[in-house]
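Notes follow once the structure below has been shown.
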Amino acid sequence: MMILTEKNTRYIKEAAAKLGFDYCGIAKAIKLDDDAFRLETWLKNDMHGNMKYMENYFDLRIDPQKLVPGAKSVITFLQNYYPSNTNKNTDLKISKYAYGQDYHEVIKDKIKVLMNILQERIGEINGRGFVDSAPVLERSWATRSGLGWIGKNGNLITKQSGSFYFIATFITDLELDYDDPFAKDFCGSCTRCIDACPTEAISPGKVIDGSKCISYFTIELKEMLIPEEMKGKFDNWMFGCDTCQDVCPWNRFSKPNSEIKFNPLPEILNFSTKDWEALSEETFKEIFRKSPLKRSKYNGIMRNVKFINKDR
Ligand code: B12
Ligand code: SF4
Ligand code: SF4
């Protein structure tokens, strides 16, 4: 007879695949001591810049049992966001993760469905789903669940199909069978991402200085000014940046995603530079209502477009 943990584990992985998650791995919910040290050093060196939320809930971030009392397992999901098409009408660039609808909402909805299915099938379980905005070290859990390795560009990379994936987790008091952590690192002697980063935000040792990353300037600074010393360095990125992933040889294996809600918005695919420049706040709010671009707000997007255009 199949033991219960094995049965539940198989059931969860099948349910994740049915919901359209591309990968699912499971790790034991333990305190992350190595990560605590790396996170502390990163914060001490001010690599979070103005992202003050990264200073909050340190204890919860390194310990799933503090975040979800009674937690036994961390289930990690990967969701491909590589778009089928990109904009050819402008040289202003938008990160590939932002072509369709906002992943926070799309993935949270899926996790809610998963929770309902599990409660129906397995019974009363306690669990919470997270994607991006909670104090969870998502990349670390993905590696611990055997899904891939952390590249020199800081991203979680799968050997099968690269790094253009979102990461989500479900932390539960359910005991499950655990995957082996991903033990290898397939970066080898390559340094393409370090060499290509336009703002020199990547140091050896997989350390990313968030406060130097174009993604930080164009998204996290919201409506604040971008420092003058960054002029001429953005390589036309107006929202996020994919350079360290675009140059990665493992992303030759990326395949377009199959999530309908990530289908590119027609405006993101077709806008010219002039269309971006002429965009009104009203139209912005209407078009990008469900898009990740709303995080930068209208003024942030217009600031980015102007900041890049002044360089050209
Ligand atoms: C803050 C943040 C940012 C900041 C800071 C980036 C950074 N590298 O920390 C900014 C705004 C710059 C940013 C940019 C981007 N981000 Co971001 N970001 C986050 C967030 C909210 C927290 C990350 C964090 O904790 N940073 C602190 C540092 C210390 O932790 P870390 O980078 O995760 O590294 C940990 C592990 O990787 C591990 N580790 C690192 N090195 C090593 C080495 C060994 C040997 C081991 C064992 C472990 C290990 O230790 C670290 C501490 O635990 C996460 C969501 C989340 N809750 O996790 C998304 C997240 C990391 N971002 C994501 C994405 C997609 C991006 C961008 C690609 C977006 C874009 N195109 O513009 C860029 C990529 C920039 C880059 N090269 O990292 C995805 C990553 C998906 C993936 N495949 O890896 C996440 C997971 C969001 C999600 N839910 O999908 N991001
Ligand atoms: S996302 Fe761009 S700016 Fe940020 S580390 Fe990667 S290449 Fe550098
Ligand atoms: S570009 Fe090279 S060094 Fe950077 S993450 Fe990819 S394989 Fe690793």
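Remember, it's 1-based here, ligands and their atoms both numbered in the order they're listed.
Proximity of atom 57 (N) of ligand 1 to the protein is indicated by at least one non-hydrogen atom lying closer than 4.0 angstrom. At least one protein heavy atom sits closer than 4.0 Å to atom 21 (C) of ligand 1. For atom 46 (C) of ligand 1, the nearest protein heavy atom lies closer than 4.0 Å. Protein heavy atoms are absent from the space less than 4.0 angstrom from atom 2 (C) of ligand 1. Closer than 4.0 Å to atom 64 (C) of ligand 1 lies none of the heavy atoms of the protein.
With N155 as reference, S163 is the one residue of S163, C193, C248 to meet the side-chain contact (heavy atoms from CB on, under 4.5 Å) rule.
Counting heavy atoms closer than 4.0 Å to ligand 3, residue I157 contributes side-chain atoms (C-beta onward) but none from N, CA, C or O. Contact annotation for C213 and ligand 1: only side-chain heavy atoms (C-beta onward) come within less than 4.0 Å of the ligand. At a heavy-atom distance under 4.0 Å, no atom of D242 approaches ligand 2.
Comparing H48, R139, E40 against atom 7 (C) of ligand 1, the shortest heavy-atom distance belongs to R139. Of the candidates M54, R38, R61, the one placing a heavy atom closest to atom 23 (C) of ligand 1 is M54. Closest heavy-atom approach to atom 69 (C) of ligand 1 within the set F182, Y97, Y216: this belongs to Y97.
Listed by number with element, the atoms of ligand 1 under 4.0 angstrom from any heavy atom of C241 are 70 (C), 71 (N), 72 (O). When each atom of ligand 3 is checked for a heavy atom of N153 under 4.0 Å away, the hits are 5 (S). Short contacts between ligand 1 and V136, defined as distances under 4.0 Å to a heavy atom of the residue, involve ligand atoms 56 (C), 57 (N), 58 (O).
Scanning all protein heavy atoms for the shortest distance to atom 73 (C) of ligand 1 gives S215 OG, 4.0 Å. Ranking protein heavy atoms by distance to atom 77 (N) of ligand 1, first place goes to N153 O, 2.8 Å. Among protein heavy atoms, atom 5 (S) of ligand 2 sits closest to I202 CG1, 3.7 Å. Of all protein heavy atoms, the one closest to atom 6 (Fe) of ligand 3 is C248 SG, 2.4 Å. Protein heavy atom at the shortest distance from atom 4 (Fe) of ligand 3 is C193 SG, 2.4 Å. Nearest to atom 8 (Fe) of ligand 2 among the protein's heavy atoms is C197 SG, 2.3 Å. C190 SG, 2.2 Å is the protein heavy atom nearest to atom 2 (Fe) of ligand 3. Looking only at protein heavy atoms, the nearest one to atom 7 (S) of ligand 3 is W250 CD1, 3.6 Å. With hydrogens left out, the protein atom closest to atom 89 (N) of ligand 1 is E138 OE1, 2.7 Å, a heavy atom. Ranking the protein heavy atoms by distance from atom 81 (C) of ligand 1 puts Y165 O, 3.2 Å first.
Residue contact annotation: A134 has a non-hydrogen atom under 4.0 Å from ligand 1. Note on ligand 1: Q245 sits in its first shell, one or more heavy atoms being nearer than 4.0 Å.
Because its NZ or CZ atom is not both nearer than 6.0 Å to the ring centre of F182 and within 45° of the ring axis, R144 does not count as a cation-pi partner of that residue.
C187 lies apart from atom 6 (Fe) of ligand 3 in this respect, since none of its N, O or S atoms is found at a distance under 2.8 Å. Residue contacts to atom 2 (Fe) of ligand 2: C213 brings no N, O or S atom closer than 2.8 Å.
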